[in-house]
Amino acid sequence: RLDDGPRRRGQCLLRQALDAEDEAEQACAVVLTHLAAGRVPLALVAQDRVLTRRARGLLAERGVSVRDETGWTLSTTRAAAAIVGLLRAMAWDAPSDAVLDWAKQAPALASDDVDGLEAHVRRSGIRDWRAVAAASDSRSFVESLRAQMQSSRDLPSWLRSLRAALQTAGQWPMFLQDTAGQAVLDALHLHDHADGDFSDVGARISLDGFATWVAQVLEAGSFVPPHPEQAQVVLLPL
């Protein structure tokens, strides 16, 4: 039963949930009850980020304006996933699943052609992309891009290569049109001429080494979405 009566200072109400989804739904229900009673703004403690993001999604579906003071790591954003997916697809020993997963997200590739290539890979049971020999525009495009990403180079050169790969694949506009995408570009120094920040880093590194560096930067960075002018709920750290 939802207790929507007034609280005494220091009073705490515990609720039992069946699982994580039920917990998020109960949290959302409690928040909506308080909002209906005019208790605004309301603080929601972000103790579990996965649970909090689910609850926030449920609140957004109901038109509740939420201000997130905690943010989340860049590595969990869709933009970061696009970067990581591209780099996985470029590895010399990339599995066919990794390459196809990325190809489906690349606007420069025709979806029908990618679907046909995937059907061939599935029928043939090909696990390693290197073993794919089917003739198609998508495969030729992917192989041309992969060939440009194999040799070792210094960090500024890698940043320029990654930016060029995103542009060639048609993924670059997605980053420019998304606030999280902009944060990823900033963190990785992928904007034009930003690679000059590493001009004194001359050591050559492999694609694996560069992918590791990218993953570490994304894991260390954080993203806080734009705040609504008047939020009904504020997500706060404990």
Heavy-atom distance under 4.5 Å between the side chains of [X] and [Y], does that happen here?
X	Y	value
Asp19	Glu23	no
Leu159	Phe210	yes
Trp158	Leu188	no
Val132	Val99	no
Leu86	Leu166	yes
Trp129	Asp93	no
Leu35	Val233	yes
Leu42	Gln232	no

Hey, could you give me the [atom1]/[atom2] distance between [X] and [Y], rounded to the nearest 0.5 Å?
X	Y	atom1	atom2	answer
His120	Ser96	NE2	OG	10.0 Å
Arg163	His189	CZ	NE2	12.0 Å
Leu218	Ser75	CG	OG	6.5 Å
Ser206	Arg204	OG	CZ	11.0 Å
Arg53	Asp48	CZ	CG	11.5 Å
Leu162	Gln167	CG	CD	10.0 Å

Residues in side-chain hydrogen bond (donor to acceptor under 3.5 Å, both in side chains) with [X], at least two apart?
X	answer
Arg146	Glu143
Trp172	none
Thr179	none

Exercise. Could you list all the salt bridge (Lys or Arg N to Asp or Glu O under 4.0 Å) pairs where at least one residue sits in residues 211-227, not counting sequence neighbours?
Key: none
Quiz item: Which pairs, with at least one residue in residues 107-118 and sequence neighbours excluded, count as a salt bridge (Lys or Arg N to Asp or Glu O under 4.0 Å)?
Solution: Lys104-Glu118, Glu118-Arg122
Compare every heavy atom of [Y] with every heavy atom of [X], then report the nearest pair and how far apart it is.
X	Y	answer
Leu117	Ala134	CD1-CB, 4.1 Å
Ala94	Arg88	CB-O, 3.3 Å
Ala108	Gly170	CB-N, 4.1 Å
Pro41	Ala231	CB-O, 3.8 Å
Ala187	Val217	O-CG1, 3.5 Å
Ser138	Leu109	CA-CD2, 3.9 Å

Exercise. Let me see the working for Leu185 and Leu176 under side-chain contact (heavy atoms from CB on, under 4.5 Å), right down to the final yes or no.
Key: CA-CA 9 Å; Leu185 296 182; Leu176 300 180; 3.9 Å; yes
Self-check item: Gln150 CD: over 12 foreign heavy atoms closer than 6.0 Å
Solution: yes
[X]-[Y] side chain donor-acceptor pair, cut-off 3.5 Å:
X	Y	value
Ser136	Arg139	no
Ser140	Asp137	no
Asp22	Gln26	yes
Ser161	Arg153	yes

When you measure from the side chain of [X] to the backbone N and O of [Y], does any donor-acceptor pair fall under 3.5 Å?
X	Y	value
Thr77	Leu74	yes
Ser65	Gln230	yes
Arg67	Val234	no
Thr76	Thr73	yes
Arg54	Glu21	no

ILVMFWY network linking [X] to [Y], side-chain heavy atoms under 4.5 angstrom:
X	Y	value
Leu32	Leu51	no
Leu235	Val40	yes
Phe223	Val66	no
Leu207	Trp213	yes

Quiz prompt | Contacts of Ala119 that satisfy side-chain contact (heavy atoms from CB on, under 4.5 Å) - sequence neighbours left out | solution = Arg123
Quiz item: Ile83 and Phe175: side-chain contact (heavy atoms from CB on, under 4.5 Å), yes or no, with the steps?
Solution: CA-CA 10 Å; Ile83 294 282; Phe175 292 85; 3.8 Å; yes
Exercise. Carefully, step by step, assess Val64 and Arg56 under the rule side-chain contact (heavy atoms from CB on, under 4.5 Å).
Key: CA-CA 9 Å; Val64 177; Arg56 182 184 181 186; over 6 Å; no
Exercise. Show the numbers, then the answer: is there a side-chain contact (heavy atoms from CB on, under 4.5 Å) between Arg130 and Trp92?
Key: CA-CA 8 Å; Arg130 291 173 297 169; Trp92 71 274; 2.6 Å; yes
